[in-house]
Q: 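After the structure tokens below, expect a handful of questions from me.
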There are 2 protein chains.
Amino acid sequence: MSKTAIDIQRAANVLKLLGDKTRLTMIKILDNHDACVCEFVEIFKTSQPAISQHVRKLKDAGLVRETRRGQWIIYSLNKDSEYFPLVKDLLLHLPNQDFRLKELEEQGLRISCE
Amino acid sequence: MSKTAIDIQRAANVLKLLGDKTRLTMIKILDNHDACVCEFVEIFKTSQPAISQHVRKLKDAGLVRETRRGQWIIYSLNKDSEYFPLVKDLLLHLPNQDFRLKELEEQGLRISCE
DNA sequence: CCTTTATATAACTATTCGCTTATATAATAA
DNA sequence: TTATTATATAAGCGAATAGTTATATAAAGG
């Protein structure tokens, strides 16, 4: 066990959060780029409340942070989370999701949040 | 992304499986020692069917293997699983669980399965 | 053979989960 | 101010989850 070992109950809670395709993809995207709710709505082709509820869970667990910028709220990975090293290691095993933001840009939907 | 990147949907399924304290602890234990259902029943102080259902999920996902030895069925980590590298990295962040098997030995319950 | 031990499976139940719709809040723009 | 855009929250619903009890299978020992 390493010095930064995480209590197994709390680790399970984090893994449960990441055990959802939408949230896991969100985190993988946020690993490279900050994003707002409206972008996720476009990317996942789902409703705004559904996205808000997903990001809220990630925020409640301390995995992401929010920053208001005008009328938008920008979400980013919380690098200070005790879970951040675990999450980072996890993400290494997942395919890059940058193409999703690229698709948004091509549709002119990315700039809407900047 | 690495060459061994795992489809994000399937990774989410695996993380959901591991997002349960009992199953996550099982996997952490199996990382160091094979074990049978009856040992897990003692360790987790829960019913035999509950344990059987947990190991079945892990087996169905290919994370563990079973080997019958007499009347016991011994479970072990499946190192050939495509998810094994991911799981291994994960486990590095969790506290060692050897004390659980040690407790069994002290109670004389470990040998019952060997 | 019958009994015991280990494990699996089926049916049921309570809880949790992720979505929906409707509504509220907050910032911006006209 | 009023309208628009972005986001959050609440309530409700159907599906999935993890446990329970009861029963089935399978090996070992008498």
Side-chain angles (χ1 to χ4, degrees), chain A residues 8-9 12-27 30 34-61 63-76 104 108-114, chain B residues 8-10 12-27 30 34-61 63-76 104 107-114:
Chain A
I8 216 158
Q9 170 69 74
N13 289 341
V14 168
L15 295 180
K16 185 185 294 181
L17 273 183
L18 298 181
D20 173 274
K21 187 187 182 181
T22 301
R23 288 191 295 265
L24 186 58
T25 308
M26 281 178 170
I27 292 286
L30 292 178
D34 296 353
C36 66
V37 168
C38 64
E39 288 173 321
F40 285 139
V41 168
E42 289 299 326
I43 287 171
F44 295 109
K45 308 251 186 293
T46 186
S47 72
Q48 174 267 316
I51 296 296
S52 269
Q53 286 159 17
H54 280 304
V55 294
R56 185 173 208 285
K57 288 182 182 186
L58 296 174
K59 195 187 67 172
D60 286 351
L63 296 180
V64 304
R65 268 199 279 235
E66 59 177 35
T67 313
R68 181 173 278 278
R69 196 182 310 167
Q71 58 191 315
W72 296 282
I73 297 179
I74 311 296
Y75 285 90
S76 56
L104 279 199
L109 292 168
R110 185 89 206 282
I111 29 168
S112 68
C113 291
E114 285 170 1
Chain B
I8 216 159
Q9 170 69 74
R10 299 207 286 167
N13 288 342
V14 168
L15 295 180
K16 185 186 293 182
L17 273 182
L18 299 181
D20 173 276
K21 187 187 181 179
T22 302
R23 288 191 296 265
L24 186 59
T25 308
M26 281 179 170
I27 292 285
L30 292 178
D34 296 351
C36 66
V37 168
C38 65
E39 288 173 320
F40 285 139
V41 168
E42 289 300 325
I43 287 171
F44 295 110
K45 307 251 187 292
T46 186
S47 72
Q48 175 267 315
I51 296 296
S52 270
Q53 286 158 18
H54 280 304
V55 294
R56 184 171 210 284
K57 288 181 182 186
L58 295 175
K59 195 187 64 172
D60 286 350
L63 296 180
V64 305
R65 270 200 277 236
E66 59 177 36
T67 312
R68 181 173 278 279
R69 196 183 310 167
Q71 59 193 317
W72 297 281
I73 297 179
I74 310 296
Y75 285 91
S76 56
L104 280 199
Q107 296 173 284
L109 293 168
R110 184 87 206 283
I111 27 169
S112 66
C113 290
E114 286 170 0

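In what follows, every chain begins at residue 1, and chains take the letters A, B, ... in the order their sequences are listed.
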Q: Rounded to whole Å, please give me the gap between CD in B:E66 and P in C:dA6.
A: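 The answer, rounded to whole Å, is 17 Å.
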Q: Students often get this wrong, so: under 4.0 angstrom with heavy atoms, is A:Y75 touching a base, only sugar-phosphate, or nothing?
A: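 Answer is sugar-phosphate: A:Y75 comes under 4.0 Å of backbone atoms only.
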Q: For residues 44-52 of chain A, which side-chain N or O atoms pair as donor and acceptor with protein atoms under 3.5 Å away, sequence neighbours left out?
A:
residue : atom : partner : partner atom : Å
A:K45   : NZ   : A:E42   : O            : 3.1
A:S47   : OG   : A:A50   : N            : 3.2
A:Q48   : NE2  : A:S52   : OG           : 3.1

Q: Base, sugar-phosphate or nothing for B:K16? Non-hydrogen atoms, less than 4.0 Å.
A: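 The answer is sugar-phosphate, as B:K16 gets under 4.0 Å only of primed atoms, P, OP1 or OP2.
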Q: Heavy atoms only, 4.0 Å cut-off, all strands: where does B:K21 land among base, sugar-phosphate and nothing?
A: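 Contact class for B:K21: none.
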Q: Measure from CH2 on B:W72 to C1' on C:dT4 and round the result to the nearest Å.
A: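 My rounded result for the distance is 12 Å.
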Q: Taking salt bridge (Lys or Arg N to Asp or Glu O under 4.0 Å) as the definition, give me every residue that meets it alongside B:R23, ordered by chain and number, with sequence neighbours left out.
A: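 Once residues adjacent in sequence are excluded, B:R23 has no partner under the salt bridge (Lys or Arg N to Asp or Glu O under 4.0 Å) criterion.
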Q: Identify, with sequence neighbours excluded, every residue that meets side-chain hydrogen bond (donor to acceptor under 3.5 Å, both in side chains) alongside A:D20.
A: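 For A:D20 there are no side-chain hydrogen bond (donor to acceptor under 3.5 Å, both in side chains) partners, ignoring immediate neighbours.
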Q: What distance do B:I27 atom CD1 and B:H54 atom NE2 have between them, rounded to the nearest 0.5 Å?
A: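 With rounding to 0.5 Å, CD1 (B:I27) is 12.0 Å from NE2 (B:H54).
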Q: Treating primed atoms plus P, OP1 and OP2 as sugar-phosphate and everything else as base, which nucleotides of nucleotides 19-30 of chain C get B, S or - for protein heavy atoms under 4.0 Å?
A: BBBB----SS--
Q: Give the rounded distance in Å between these two atoms: CZ of B:R56 and C1' of D:dT17.
A: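 Those two atoms, CZ and C1', are 15 Å apart.
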Q: Reckon A:K57 touches a base, only the sugar-phosphate, or nothing at all at heavy-atom distances under 4.0 Å?
A: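 If one applies the 4.0 Å heavy-atom cut-off, A:K57 turns out to touch the sugar-phosphate alone, with no base involved.
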Q: Please give, in whole Å, the distance from D:dA16 P to B:N13 CG?
A: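 My rounded result for the distance is 12 Å.
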Q: With sequence neighbours excluded, give me every salt bridge (charged side-chain N to carboxylate O under 4.0 Å, His left out) pair touching residues 49-61 of chain A.
A: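 Checked against salt bridge (charged side-chain N to carboxylate O under 4.0 Å, His left out) - neighbours excluded - the pairs reaching residues 49-61 of chain A are A:R56-A:D60, A:K59-A:E66.
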Q: Scan B:I74, B:T67, B:V55, B:I73 and name whichever one has a side chain to side chain contact (heavy atoms under 4.5 Å, CB included) with B:C36.
A: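 Among B:I74, B:T67, B:V55, B:I73, the one that satisfies the side chain to side chain contact (heavy atoms under 4.5 Å, CB included) with B:C36 is B:I74.
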Q: Tell me: CD1 of A:I74 to C1' of D:dT5, nearest whole Å?
A: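 It is 14 Å, rounded to the nearest whole Å.
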